[in-house]
Amino acid sequence: MTEILFHNTLTGRTEPFVPLVQGEVHAYTCGPTVYDFAHVGNFRTFVFQDILRRYLKSRGFRVIQVMNLTDVDDRIIQKAAAAGVSIRDYTEKYIQAYLDDRRALSLEPPEHIARATEHIDDMVRLVQRLTEKGFTYTSDGSIYFRISKFPAYGKLSKIDVTGMQAGARVDVDRYDKDNVRDFALWKAPKPGEHFWETAIGPGRPGWHIECSAMAMKYLGDTLDIHSGGVDLMFPHHENEIAQSEAATGKPFVRYWLHSEHLLVDHEKMSKSVGNIATLRELFAHGHKPSSVRFLLASVPYRRQLNFTPESLQGAASSVDRLRNFVSRLRSEKFPAGASPAMESRTVKAQEDFDRGLADDLNTAQALAAIFDLVRDVNTAMDHGEFRQGDAAPVLAVLEMFDAIFAVLHDDDGEKLRALGLAPVSPPLSDDEIEALVAERQAARKRRDFAASDRIREQLAERGVILEDTRDGGVRWKRK
RNA sequence: GGCGCGGUCGCCAAGUGGUAAGGCAAAGGUCUGCAAAACCUUUAUCGGCGGUUCGAUCCCGCCCCGCGCCUCCA
């Protein structure tokens, strides 16, 4: 097996991946702040994290992944207050939406989904540890981390704090701090705001502390992998390192993986730019979950991805090609036996696929291995060089592919129905389709092509495509 | 200004010191009752300028351009 390589932001190098505990990967992935629907840009990262965990699993690792749900922050507090509901009630809706969206994109559930508001105690204890070690100070009831006490500050984002001067840029924080880079571990409550009464005083957690507290609670002091979008590198991840390592004296994360942004018209997709699209919007416009997943997964994670309707359409065509291939492999009848040539071709595809992913999750390269195989096998089938015994190994490669990419299963309709974005039941059941297909076959047999075509059109109108095969059979698929 | 990512066929996107994967799109063809699917063929010298080298798209230097972070952000 090929050695797995990951590009580690911390070292700036692509390095062999070896987890701390053999055969086990402890990974923390930054989840969403649930103040609104997540957009496709957010899901670019979540899909990357899913590819990451699926690949590690396929390589035999036991993966323990923790994902946070940030369900308390300034925006949530404001919006909940504006809506006149509790933070809990306000975020619940978006948490459900987020989890539904994840299912729509076939994102595997992490082992632990940790809500910030359910880990206040853990955060308080972490702040206490930091205070005991002298890394904090209090100002107006808020507790800050003093970065001057942590010399390694900046090692992830390569930011040099020594030359930093307060006032060089406007200090946007409303609180008094000794140094502009110091960050809040615990924020004093403002009048009317929701707060927790704790051993370190009333208030609510700062943004960064939740990740450190929850990551270490479930994964130990030193994690193998921590991932998120590049925009989180500074200050979020940098601050996580500072507060975690200051508390434990041990390395917090061994491999930092950051995914690049999704762009729209060469600009980052973000709420503030106003160029966002939610999954629901895309689906409502007729795009399929599998198209979205394929597109997001097909561009290697460290590359910016320009998102366009055309690229989505292209992704849909690619998925169709793969599904057509699998369908042909399953339905067509081939001569008995197996060919040694096909055997070795299959093994090569398998190796190439894995080599691509092993190289820092190069999904584009892995995909090429699959499409190469598809073409070669199709050619062999067209030339009558494919045997029945060759089918199973080829299908096995496709299954290996789908264990990572998860786009082959034709369940787009079901997923949309689950989101309430499609009719509750499919227009035609499998049995109804089969009955019409049989009827058409009978018509074809007596060479009544008019009747035959009528049935095909009738099915086409209801979203079912028929394909006549060489051996006189028919296979169908839902559009 | 600092830090980071990137500039390869119409679009997306791999990759290697010895003349460039794959996908989508387009055109032509084969097959087919028709259609679809599939297959075949056609379409690039890798942002610019220097340097190293027998030879660079890939190594080094400089420059140009795009994007991001440095403030909330996947």
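Computed from a predicted structure; not experimentally measured. The analysis underlying the following values was restricted to heavy atoms, covering all of them including side chains, and did not include hydrogens, waters or symmetry mates. Per chain, numbering begins at 1; letters A, B, ... match sequence-line order.
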[N], OP1 or OP2 - any side-chain N/O from [X] closer than 4.0 Å?
X: T33(A); N: C72(B); answer: no
X: N324(A); N: A37(B); answer: no
X: R321(A); N: A38(B); answer: yes
X: R303(A); N: G7(B); answer: yes
X: K479(A); N: A36(B); answer: no

From the options [options], select the nucleotide whose nearest atom is closest to the side chain of [X].
X: E260(A); options: G33(B), C70(B), C5(B); answer: C5(B)
X: L232(A); options: A74(B), C39(B), G4(B); answer: A74(B)
X: V299(A); options: A13(B), G15(B), G68(B); answer: A13(B)
X: T379(A); options: C72(B), C3(B), C39(B); answer: C39(B)
X: D231(A); options: A74(B), A14(B), C24(B); answer: A74(B)
X: F234(A); options: A37(B), G22(B), C69(B); answer: C69(B)
X: Q365(A); options: A14(B), C72(B), C34(B); answer: A14(B)
X: S318(A); options: C69(B), A38(B), G23(B); answer: G23(B)

What contact category does [X] fall into here, base, sugar-phosphate, or nothing, at under 4.0 angstrom with non-hydrogen atoms?
X: L262(A); result: base
X: L466(A); result: base
X: H266(A); result: sugar-phosphate
X: S157(A); result: sugar-phosphate
X: R440(A); result: base
X: G228(A); result: sugar-phosphate

Taking donor-acceptor contacts at under 3.5 Å, does the side chain of [X] reach the base of [N]?
X: N306(A); N: C12(B); answer: no
X: Q304(A); N: C67(B); answer: yes
X: R456(A); N: A35(B); answer: yes

Return the nucleotide paired to [N]: Watson-Crick means purine N1 to pyrimidine N3 with N6-O4 or O6-N4, wobble means G-U with N1-O2 and O6-N3, both under 3.5 Å.
N: G1(B); result: C70(B)
N: C59(B); result: G51(B)
N: U30(B); result: A38(B)
N: A20(B); result: none

### Message
Exactly one of N362(A), T45(A), D360(A) should register a side chain to side chain donor-acceptor pair (under 3.5 Å) with Y301(A). Which one does?
### Response
D360(A)
#### Entry: Salt bridge R444(A)-D468(A), side-chain N to carboxylate O under 4.0 Å
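Here R444(A) pairs with D468(A) in a salt bridge, since their nearest N and O are under 4.0 Å apart.
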### Of V230(A) and N42(A), the one whose closest RNA chain B nucleotide lies more 5'
V230(A)
### Message
Would you call the rings of H237(A) and H226(A) parallel, tilted or perpendicular, taking 30° and 60° as the class edges?
### Response
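Ring orientation, 0 to 90° scale: perpendicular.
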### Query
Please walk me through it: do Y35(A) and Y94(A) pass ring-ring contact (aromatic ring centres under 6.0 Å, His included)?
CA-CA 7 Å; Y35(A) 71 105; Y94(A) 295 111; 7.9 Å; no
### Query
Is the cationic atom of R387(A) (NZ for Lys, CZ for Arg) positioned less than 6.0 Å from the six-membered ring centroid of F334(A) and within 45 degrees of its normal?
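The answer is no, since R387(A) fails at least one limit relative to F334(A).
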### Query
Taking R456(A) for the side chain and L466(A) for the main chain, is one N or O donor matched with an acceptor at less than 3.5 Å?
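Not confirmed, R456(A) side chain does not pair with L466(A) backbone.
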### Query
Do we see F449(A) stacking on the base of G33(B), given a limit of 5.5 Å between centres and 30° between planes?
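Stack criterion met.
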